[in-house]
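Contents: one structure, followed by commentary.
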Amino acid sequence: AIVGGTLASVKYLKSSNIERDAQKAQVHKLKTLLQKHNLPVVDAPSHIVPLLVGDAKLCKKLSDELLLEHKIYVQPINYPTVEKGTERFRLTPSPVHSDGMMHDFVNAVDQLWTKYGIERNV
């Protein structure tokens, strides 16, 4: 039953663009929101949206603070996955992330960037 369900899902996704288009739309919305707040988002063709922090300890601290204070989980990416000095959050917006959730996230990140004096795009 599980294998049958999995095969049906794969067949459906091979023929449908609805889910991919919805994810692409959410990725575009999140990138736009981050850019409007001058946050250092890396423009990449992937569904992964990298947000540069630039310091390993701060990246972990911000991730912890987002979870504890805002109930938002963000994946911190540090060395050796990325070079030292390029530490970042790996954001993966999906169709189930509402516009409101993304606004709440960006507002929380904006507050943290201000609180810790993290470099922004200018």
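Computed from a predicted model, the values in this text were never measured in an experiment.
No continuous path of hydrophobic side-chain contacts links I77 to I48 [ILVMFWY only; heavy atoms under 4.5 Å]. When the side chains of ILVMFWY residues are joined at heavy-atom separations under 4.5 Å, either directly or via intervening members, W113 and M102 end up in a single hydrophobic cluster.
Within a 6.0 Å sphere centred on NZ of K29, other residues, nucleotides and ligands contribute more than 12 heavy atoms. Within 6.0 Å of CD on E119 lie no more than 12 heavy atoms contributed by other residues, nucleotides or ligands.
For the pair L112 and I118, the minimum side-chain heavy-atom distance is 4.5 Å or more. Counting only heavy atoms from C-beta outward, the side chains of V53 and Y116 never approach each other to under 4.5 Å. Side-chain atoms of E19 and L13, non-hydrogen and from C-beta on, do get closer than 4.5 Å to each other.
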Legend entry - Steps toward side chain to side chain contact (heavy atoms under 4.5 Å, CB included) verdict (T81, R90): CA-CA 11 Å; T81 304; R90 177 181 290 162; 4.2 Å; yes

Inset, instruction - Any chance you could lay out the side chain to side chain contact (heavy atoms under 4.5 Å, CB included) test for N107 and H37, step after step, and finish with the verdict? - result: CA-CA 9 Å; N107 288 333; H37 285 82; 3.8 Å; yes

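To the nearest 0.5 angstrom, C59 atom SG is 9.5 Å from R88 atom CZ. To the nearest 0.5 angstrom, S98 atom OG is 8.0 Å from Q26 atom CD. The CZ atom of F105 lies 9.5 Å from the NE2 atom of H97; values are rounded to the nearest 0.5 Å. In this structure, CG in N78 is found 9.0 Å from OG1 in T86, a value given to the nearest 0.5 Å. Here the NZ-CG distance, from K36 to L34, works out to 11.5 Å after rounding to the nearest 0.5 Å. Between atom CG of residue L66 and atom NZ of residue K61 there is a gap of 12.5 Å, rounded to the nearest 0.5 Å.
For Q23 (side chain) and P93 (main-chain N/O), a donor-acceptor pair under 3.5 Å exists by modelled atom type.
Test Q111, K115, H70 against E65 for side-chain hydrogen bond (donor to acceptor under 3.5 Å, both in side chains) and you get one pass: K115. Shown are V49, L39, L91; of these, the side-chain contact (heavy atoms from CB on, under 4.5 Å) with K31 is made only by V49. L30 pairs with exactly one of D99, V106, L51, T92 by the side-chain contact (heavy atoms from CB on, under 4.5 Å) rule, that one being V106.
When every heavy atom of R120 is checked against every heavy atom of D110, the shortest pair comes out as NH1-OD1, 2.7 Å.
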